[in-house]
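Here is the naming used below: chain letters follow the sequence lines, and residue numbers restart at 1 for every chain.
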There are 2 protein chains.
Amino acid sequence: MITLHDKVYTCPVDVSLRFISGKWKILILFNLFHFEKRSFSELRDNLPGVAEKVLTQQLKELEKDNMIGRRILSEKPLRVEYFLTEQGISMSPMYEFLSKWGIAYLEKNGIDYIQDQHLYK
Amino acid sequence: MITLHDKVYTCPVDVSLRFISGKWKILILFNLFHFEKRSFSELRDNLPGVAEKVLTQQLKELEKDNMIGRRILSEKPLRVEYFLTEQGISMSPMYEFLSKWGIAYLEKNGIDYIQDQHLYK
DNA sequence: AATTAATTACTTACTTTTTTGTCATCACAC
DNA sequence: GTGTGATGACAAAAAAGTAAGTAATTAATT
């Protein structure tokens, strides 16, 4: 029997959730969806509040889960670039939907909102 | 300034996430989306592994956030019914997407999957 | 008919687990 | 000295789980 992390699923939603659960994951994915590729520090600066350690963790999990890819740009002073894989891209309708839903919610309820295309969070 | 939980948002995705973050929330919403209305014990039995305490908590938060409604069917032996509010329904494209994405993932990777229309998890 | 058992929707006190965060440190280059 | 992308020990906080108990009623058993 072929299983995903030793578990036989009965609910497909539960399967999807497995890939996006984590405080920063969806924000990271949305960021990469928006900017196509980002370095570690760009991501860090775009996600106010993330600790570097946690960002590294989430990036590693996303990479292991094949949602994002990691490309080394230079070795000596290590420079990397993160981007969405095909699988990561296949979930983009979700990022777009959540973004639209959030905007609609804020507008409907007259809640102040600072639009900053450089900040994600 | 009108704010949402004392915070000025810069990212709409972050706004949406606020309503669905919680181990069981999306599953509860998906369940209600699928079945339209459910009692406390129906939800409990459909979500293998939830503790009643946690289910109560998540339901309360979803209700406070106006994602679900709670209707009392009888007072003496308390009987209630949960259902999606308009706001909860407005997020249904998301539940559907996650469900489809999960199925596609499982099929693409040849992972075994028990289809049980009565179990959500 | 009387007693017991089961069900419903929770609630409470407490423990455990999981997840996050803090802070220091690293090698390397400019 | 600054910036790059990390890693590790440890602490704190958040989330989730365990187990028991509640009131009210219906169902089952004796």
**Complete:** Smallest heavy-atom separation, L98(B) atom then S16(A) atom, equals O-OG, 2.6 Å
**Complete:** Looking only at dA6(D), dC28(C), dT25(D), the nucleotide nearest the P77(B) side chain is dT25(D)
**Complete:** Taking dA9(C), dT20(C), dT22(C) as options, the one with an atom nearest any side-chain atom of A51(A) is dT22(C)
**Asked** Quick one: E52(A) CD to dG5(D) C1', roughly how many Å, whole number?
**Response** 8 Å
**Fill in**
Side-chain contact check for K60(A): nearest option of dA9(C), dT7(D), dA16(D) is dT7(D)
**Whole-Å gap separating P (dA9(C)) and CG (L47(B))** = 14 Å
**Item:** For atom CZ of R44(A) and atom P of dG21(C), their distance in whole Å
**Value:** 15 Å
**Message:** In whole Å, I'd like the distance from the CH2 atom of W24(A) to the P atom of dT18(C).
**Reply:** 22 Å
**Message:** If you assign L78(A) and V54(B) each to the DNA chain D nucleotide with the nearest heavy atom, which residue ends up on the more 5' nucleotide?
**Reply:** L78(A)
**Message:** Does dG5(D) have OP1 or OP2 under 4.0 Å away from a side-chain N or O of S41(A)?
**Reply:** yes
**Charged tip of R71(A) within 45° of F83(A) ring normal and under 6.0 Å** = yes
**Prompt:** Are any of Q58(B)'s side-chain N or O atoms less than 4.0 Å away from OP1 or OP2 of dA16(D)?
**Reply:** yes
**Asked** In whole angstroms, how far is the P atom of dT19(C) from the NZ atom of K23(B)?
**Response** 8 Å
**Message:** Can you measure D45(B) atom CG to dT7(C) atom P for me and round it to whole angstrom units?
**Reply:** 10 Å
**Prompt:** Checking all strands, does T56(B) fall into the base, sugar-phosphate, or nothing category for heavy-atom contacts under 4.0 angstrom?
**Reply:** base
**Message:** Can you see if the side chain of R70(A) gets near the phosphate of dA6(D) - specifically, an N or O under 4.0 Å from OP1 or OP2?
**Reply:** yes
**Prompt:** How are the rings of W101(B) and Y105(B) set relative to one another: parallel (under 30°), tilted (30 to 60°) or perpendicular (over 60°)?
**Reply:** parallel
**Complete:** Output for pair (Q57(B) CD, K53(B) NZ), nearest 0.5 Å, gives 4.5 Å
**Request:** Please answer whether the main-chain N or O of R18(B) pairs with a side-chain N or O of S21(B) as donor and acceptor at a distance below 3.5 Å.
**Result:** no
**Fill in**
Out of dT22(C), dA6(D), dT8(C), minimum distance to the side chain of K53(A) belongs to dT22(C)
**Request:** Have a look at S74(B) and say if it touches a base, only the backbone sugar-phosphate, or nothing, with a 4.0 Å heavy-atom cut-off.
**Result:** nothing
**Prompt:** Expressed in angstrom and rounded to an integer, what is the separation of R18(B) atom CZ from dA15(D) atom P?
**Reply:** 11 Å
**Prompt:** Quick one: E42(B) CD to dC10(C) P, roughly how many Å, whole number?
**Reply:** 13 Å
